Amino acid sequence: KAFTALFRVAPEAVFTGIITASYRDSHYADPGVKPFRGLVGNIGITYRFLELGRFTLVAQRGNEYSFDALEAYYIEDTASLSYTHRLFGEVDLQARAARSVFDYSARLTEPPHKDTLDTAAGSLGYNLRNRTRVALNYEYSRRRSPAFSGRNYERRRVYLSWLFAF
């Protein structure tokens with residue numbers, strides 16, 4: 001069972017964005033898995049700073065199936081903050097930081113634990129007239145699991161992206 005509410009912040013407001021909130025009541029066939037009852041949702045809020053930049057806050061809470069059958073599911077809580085600054089013309093620079101916490105406490109027969117994922121990123125982008133952005137990105141990510149050292153990693157990557165809006 002799930003109930004969902006959607007809120008849009010008016011485009012002429014100081015902050016713009018969208019908020020989605022759901023109440024989820026999930027029960028599982030396996031008696032060793034706790035039912036999940038709680039709030040999940042997303043928040044995406046943007047604040048424009050003068051004509052040069054914008055701050056964007058994205059937060060997410062979700063109930064996700066785990067790739068590991070022993071874990072059943074996990075609760076993900078993620079917060080991300082980014083700042084995009086127009087350098088000149090259609091060229092911008094973006095910085096982003098994010099933190100995710102993965103709560104693995106669904107299985108009654110396994111000890112609960114929380115994994116974390118920290119990310120820092122930057123990009124140099126070019127904005128096209130059709131509301132798309134092409135960018136060169138650098139990202140550093142670090143995951144830590146107190147229960148499973150095999151899930152720990154540090155990753156650095158450089159990649160191209162193409163972001164478009166409808």
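These values consider heavy atoms only, across backbone and side chains, with no hydrogens, waters or symmetry-generated copies. All values derive from a computational prediction rather than experimental measurement.
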Taking atom CZ of R37 as the centre, does the number of heavy atoms from other residues, nucleotides or ligands within less than 6.0 Å exceed 12? yes

CZ of F49: more than 12 outside heavy atoms within 6.0 angstrom? no

Counting C-beta onward and ignoring hydrogens, is there a side-chain heavy-atom pair between T84 and T56 closer than 4.5 Å? no

Please tell me if the side chains of S80 and R96 come closer than 4.5 Å, counting only heavy atoms from C-beta onward. yes

Decide if atom OH of Y65 counts as having more than 12 heavy atoms of other residues, nucleotides or ligands within a radius under 6.0 Å. no

Is the count of non-hydrogen atoms from other residues, nucleotides or ligands lying under 6.0 Å from F7 atom CZ greater than 12? no

What pairs with R142 under salt bridge (charged side-chain N to carboxylate O under 4.0 Å, His left out), at least two apart in sequence or on another chain? none

Side chains of E71 and S66: donor-acceptor distance under 3.5 Å anywhere? no

Return the minimal non-hydrogen interatomic distance between V9 and F15, and the atom names on each side. CG1-O, 2.8 Å

Is there side-chain contact between S105 and K34, with heavy atoms separated by less than 4.5 Å? yes

Do E139 and T119 come within less than 4.5 Å of each other through their side chains, counting heavy atoms only? yes

So, for F55 and Y83, is the gap between ring centers shorter than 6.0 Å? yes

Any side-chain donor paired with an acceptor under 3.5 Å for E110 and Y104? no

Atom CZ of residue position R151 - does it have more than 12 heavy atoms of other residues, nucleotides or ligands inside 6.0 Å? yes

Check whether any side-chain heavy atom of D103 lies under 4.5 Å from a side-chain heavy atom of Y74, and answer yes or no. no

Hey, could you give me the CG/OG distance between L39 and S22, rounded to the nearest 0.5 Å? 8.5 Å

Inter-residue atom distance S141.OG - D118.CG, 0.5 Å rounding: 9.0 Å

In this structure, is the centre-to-centre distance between the rings of F102 and H113 below 6.0 Å? no

Donor-acceptor pair, R143 side chain versus N152 backbone, under 3.5 Å? no

L136 and V158, any side-chain heavy atoms less than 4.5 Å apart: yes

Could you tell me if the ring centre of Y28 sits under 6.0 Å from that of F36? no

Counting C-beta onward and ignoring hydrogens, is there a side-chain heavy-atom pair between R133 and F164 closer than 4.5 Å? no

Taking the side chain as every heavy atom from C-beta outward, state whether R86 and E51 have any pair of such atoms under 4.5 Å apart. no

How long is the gap from CG on L57 to OG on S82, to the nearest 0.5 Å? 9.0 Å

Which distance, rounded to the nearest 0.5 Å, do you find between the CD1 of I45 and the CD1 of I18? 9.0 Å

Just do the salt bridge (Lys or Arg N to Asp or Glu O under 4.0 Å) check on E90 and R129 with the steps written out, would you? CA-CA 9 Å; E90 304 302 322; R129 294 183 189 272; 5.8 Å; no

When you check the side-chain N and O atoms of S161 and N137, is any donor under 3.5 Å from an acceptor? yes

Go through R144 and D115 one step at a time and tell me if the salt bridge (Lys or Arg N to Asp or Glu O under 4.0 Å) criterion holds. CA-CA 6 Å; R144 292 292 176 252; D115 293 4; over 6 Å; no

